[in-house]
2 protein chains.
Amino acid sequence: MRAKILLVEDDASLVELVTYNLEKEGFDVVRTGDGEEALTLAEEEKPDLVILDWMIANLSGIEVCRRLRRAPATANLPIVMLTARGDEADRIRGLETGADDYMTKPFSPRELVARIRAVLRRLRPALQGGALEFAGITMDTTAHRVTRDGRTVQLGPTEFRLLRHFLEHPGRVFSREQLLDAVWGRDVYVEQRTVDVHIRRLRKAVNAGPGGEELADLIRTVRSAGYSLDATPVSAQVAA
Amino acid sequence: MRAKILLVEDDASLVELVTYNLEKEGFDVVRTGDGEEALTLAEEEKPDLVILDWMIANLSGIEVCRRLRRAPATANLPIVMLTARGDEADRIRGLETGADDYMTKPFSPRELVARIRAVLRRLRPALQGGALEFAGITMDTTAHRVTRDGRTVQLGPTEFRLLRHFLEHPGRVFSREQLLDAVWGRDVYVEQRTVDVHIRRLRKAVNAGPGGEELADLIRTVRSAGYSLDATPVSAQVAA
DNA sequence: AGACGGCGTAACAAAACTGTCACCAAAGCG
DNA sequence: CGCTTTGGTGACAGTTTTGTTACGCCGTCT
């Protein structure tokens with residue numbers, strides 16, 4: 001899976017250098033030197049990660065970062081910031097604003113690529129083919145294999161993407177609408193109830209034990225809110 | 001909200017330095033230098049984040065990380081690892097095993113704090129803005145989860161919103177009318193007595209103890225005024 | 001072409017939640 | 001004290017939400 005990177009930088013020679021190296025490593029690169037445009041591109045191009053220079057035209061990097069974090073569509077888009085060496089105050093402000101990692105200039109292109117891979121591995125494990133794991137469920141995104149307690153689970157493509165989304169954000173509750181956005185795509189119109197049916201199919205597949213019996217259900221229904229992946233057993237809950 | 005951090009590190013002077021800085025920044029710190037003990041503490045102390053040195057006694061950091069990820073109770077506990085500078089192989093292995101971030105030694109304490117906040121913000125939005133807490137009651141609005149003294153409390157949608165409103169304004173008394181406005185919506189007409197019923201249901205759920213007995217009632221009835229969330233026990237209120 | 005597998009929708013069943021009531025208990029009040 | 005007002009409680013019937021199954025469509029593979 002090719003990852004798309006939005007590079008926000010206004011030093012032309014640096015843009016060339018970085019673009020060259022990223023593309024060599026198999027990333028798609030979208031570029032701009034303008035803060036306002038960066039926000040637009042982040043929405044439209046749906047990049048998997050943003051590299052953001054702190055000193056850019058038209059909007060400071062920190063402001064771009066803040067706005068990206070505030071917009072729902074980009075709220076958890078990975079951001080790597082670039083700062084001048086030793087500028088610790090900026091670095092800390094950046095992390096506090098919501099950047100996920102930083103590089104100090106000058107940097108080696110190799111290291112930049114390594115860090116980008118690390119951030120993607122951490123925040124978008126699926127992109128790097130790493131394994132996702134949660135409470136006995138394992139997903140190998142490259143091999144498209146899912147196991148529960150060691151046994152292989154058979155999933156259709158949609159159920160696979162659905163489970164992947166849950167595994168990438170364990171514990172968090174998603175509305176049907178959010179799931180449709182994330183799993184089906186922002187521009188596909190399907191009934192919200194469709195989510196229920198796929199949840200059902202996913203549960204059936206994931207909770208099937210070896211002998212045909214049911215295992216604990218790791219998908220929690222939150223009435224009038226949505227669904228979440230959740231390891232808390234019902235037995236630990238207090239009855240109403 | 002105070003976050004609790006488990007520090008797994010065996011270099012005594014580093015432990016002191018980090019502990020000092022974390023506590024100064026408002027974190028609670030639990031410490032150990034032992035891998036086995038780290039696993040126990042992670043279960044028992046329920047920390048919000050673990051700082052894990054890669055070189056520790058009794059179990060390697062990587063093994064601790066792996067086991068934390070495997071146990072349901074700690075499967076998505078944020079982990080920040082500490083590695084020696086330039087030890088890239090370890091770093092990659094760590095991230096692949098499930099660490100959420102890393103710091104290379106030596107590091108600045110300020111930056112450690114900033115990174116911890118960044119990780120918590122990303123993985124536990126609950127702790128930053130999504131989580132509400134009062135007198136043993138915890139509400140994680142992103143996970144849609146409520147606990148009392150650590151035990152999960154099961155609430156219906158209306159009770160959830162009602163409790164959230166109280167938690168957002170602890171101690172304040174709300175009339176039935178205000179509650180209808182805030183929780184039901186300004187344009188819904190329902191009987192004011194309906195509030196009583198939902199208060200009743202909320203009390204029942206929140207005050208239910210593990211064995212079926214009643215815990216202290218945290219919802220105070222203010223006669224002819226309304227209700228409030230209040231930790232003051234009745235016995236301490238009136239001097240007859 | 002025919003078989004197959006996956007997908008979205010509809011329809012019905014089951015479960016959970018909601019608002020109201022009637023009735024009881026407790027708290028003011030003269 | 002009795003009376004009045006206010007809140008607590010359990011039941012209930014309607015409604016909403018979710019679970020589950022069935023079915024037809026469509027693209028792929030053979």
Side-chain angles (χ1 to χ4, degrees), chain A residues 144 146 153-165 173-181 183-185 187-208 214 216-228 230 234 237-240, chain B residues 144 146 152-165 173-181 183-185 187-208 214 216-230 234-235 237-238 240:
Chain A
H144 252 254
V146 175
V153 173
Q154 208 64 290
L155 295 178
T158 305
E159 284 75 45
F160 185 88
R161 292 199 306 275
L162 186 55
L163 178 58
R164 181 174 69 195
H165 189 252
V173 174
F174 294 98
S175 68
R176 285 161 236 272
E177 192 177 353
Q178 288 175 312
L179 290 172
L180 285 175
D181 269 8
V183 177
W184 276 256
D187 33 34
V188 182
Y189 175 71
V190 287
E191 293 291 326
Q192 297 208 351
R193 286 296 255 117
T194 299
V195 175
D196 296 32
V197 177
H198 284 277
I199 287 282
R200 147 81 172 152
R201 290 169 180 159
L202 180 56
R203 275 182 170 142
K204 196 170 179 180
V206 170
N207 299 335
E214 287 280 300
D217 189 4
L218 297 177
I219 298 174
R220 181 167 67 117
T221 302
V222 181
R223 191 162 240 264
S224 76
Y227 299 94
S228 75
D230 190 333
V234 183
Q237 293 175 4
V238 178
Chain B
H144 252 259
V146 175
T152 299
V153 174
Q154 208 69 301
L155 296 178
T158 305
E159 284 75 44
F160 187 88
R161 292 198 306 274
L162 186 55
L163 178 58
R164 180 170 63 195
H165 189 251
V173 177
F174 294 98
S175 69
R176 285 160 236 272
E177 191 176 355
Q178 288 175 311
L179 289 173
L180 285 174
D181 268 9
V183 177
W184 275 256
D187 34 35
V188 183
Y189 174 72
V190 288
E191 292 292 327
Q192 295 209 350
R193 285 294 255 129
T194 299
V195 174
D196 297 31
V197 176
H198 283 278
I199 287 284
R200 147 81 173 149
R201 288 170 180 159
L202 181 55
R203 275 181 169 143
K204 196 170 178 180
V206 170
N207 299 335
E214 287 279 302
D217 188 4
L218 297 177
I219 298 174
R220 184 164 61 114
T221 302
V222 182
R223 197 177 173 85
S224 72
Y227 299 94
S228 75
L229 189 63
D230 190 337
V234 183
S235 55
Q237 277 176 13
V238 185

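First the proteins, then the strands, lettered A, B, ... as listed; each starts at 1. None of these values were measured; they are calculated from a predicted model.
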Checklist entry - With a 4.5 Å heavy-atom cut-off, do Leu162(B) and Ile199(B) have their side chains touching? => result yes
Next on the checklist: Without decimals, in angstroms, what is the distance between Arg203(A) CZ and dT20(D) C1'?
Outcome noted: 11 Å
Checklist entry - In whole Å, what is the span from the CG atom of Asp217(A) to the C1' atom of dT20(D)? => result 14 Å
Checklist outcome for this item: When rounded to the nearest 0.5 Å, the distance separating CD1 of Ile219(B) from CG of Leu229(B) is 6.5 Å
Checklist entry - Taking only side-chain nitrogens and oxygens of Arg176(B), does any of them come within less than 4.0 Å of OP1 or OP2 of dG7(D)? => result yes
Next on the checklist: Using a 4.0 Å heavy-atom cut-off, does Phe160(A) contact any base of the nucleic acid, only the sugar-phosphate backbone, or nothing at all?
Outcome noted: nothing
Checklist entry - Under 4.0 Å between a side-chain N or O of Thr221(A) and OP1 or OP2 of dG19(D)? => result yes
Next on the checklist: Strictly under 4.0 angstrom, non-hydrogen atoms only: write out the protein contact profile of nucleotides 24-30 of chain D, one letter per nucleotide from the 5' end, B, S or -.
Outcome noted: -------
Item to check | Asn207(A) versus Leu218(A), closest heavy-atom pair with distance | outcome: OD1-N, 4.0 Å
Checklist entry - Just how far, in rounded Å, is C1' of dG19(C) from CG of Leu180(B)? => result 11 Å
Checklist entry - What pairs with Arg176(B) under side chain to side chain donor-acceptor pair (under 3.5 Å), at least two apart in sequence or on another chain? => result Asp196(B), Tyr227(B)
Item to check | Length of the CG-P vector between Asn207(A) and dG19(D), whole Å | outcome: 12 Å
Next on the checklist: Whole angstroms only, please: what is the CG-C1' distance between Leu202(A) and dG19(D)?
Outcome noted: 14 Å
Checklist entry - Taking atom CD of Gln192(A) as the centre, does the number of heavy atoms from other residues, nucleotides or ligands within less than 6.0 Å exceed 12? => result yes
Item to check | Sugar-phosphate or base contact per nucleotide [nucleotides 5-13 of chain C; S, B, -; heavy atom under 4.0 Å] | outcome: -SBBBBB--
Checklist entry - Residues two or more places apart in sequence or in another chain: which of them pass side-chain contact (heavy atoms from CB on, under 4.5 Å) with Ser175(B)? => result Glu177(B), Gln178(B)
Checklist outcome for this item: Applying side-chain contact (heavy atoms from CB on, under 4.5 Å) to Val173(B) and not counting sequence neighbours gives Arg220(B), Val222(B), Ala225(B), Ser228(B)
Next on the checklist: Return whichever of Arg200(A) or Asp196(A) has its heavy-atom-nearest nucleotide of DNA chain D closer to the 5' end.
Outcome noted: Asp196(A)
Next on the checklist: Classify the ring geometry of Trp184(A) against His198(A): parallel below 30°, tilted from 30° to 60°, perpendicular beyond 60°.
Outcome noted: perpendicular
Checklist entry - Within a strict 4.5 Å, meaning less than it, do heavy atoms of the Leu155(A) and Leu163(A) side chains meet? => result yes
Can you give me the N/O atom pairs linking the protein to nucleotides 27-30 of chain C at distances under 3.5 Å, or say none if there are none?
from: dA27(C); atom 1: O4'; to: Arg223(B); atom 2: NH1; distance (Å): 3.3

Next on the checklist: Main chain of Asp217(B), side chain of Arg203(B): is a donor-acceptor contact present, judged purely on distance under 3.5 Å?
Outcome noted: no
Checklist entry - Between Arg161(B) and His165(B), is any pair of side-chain heavy atoms under 4.5 Å apart? => result no
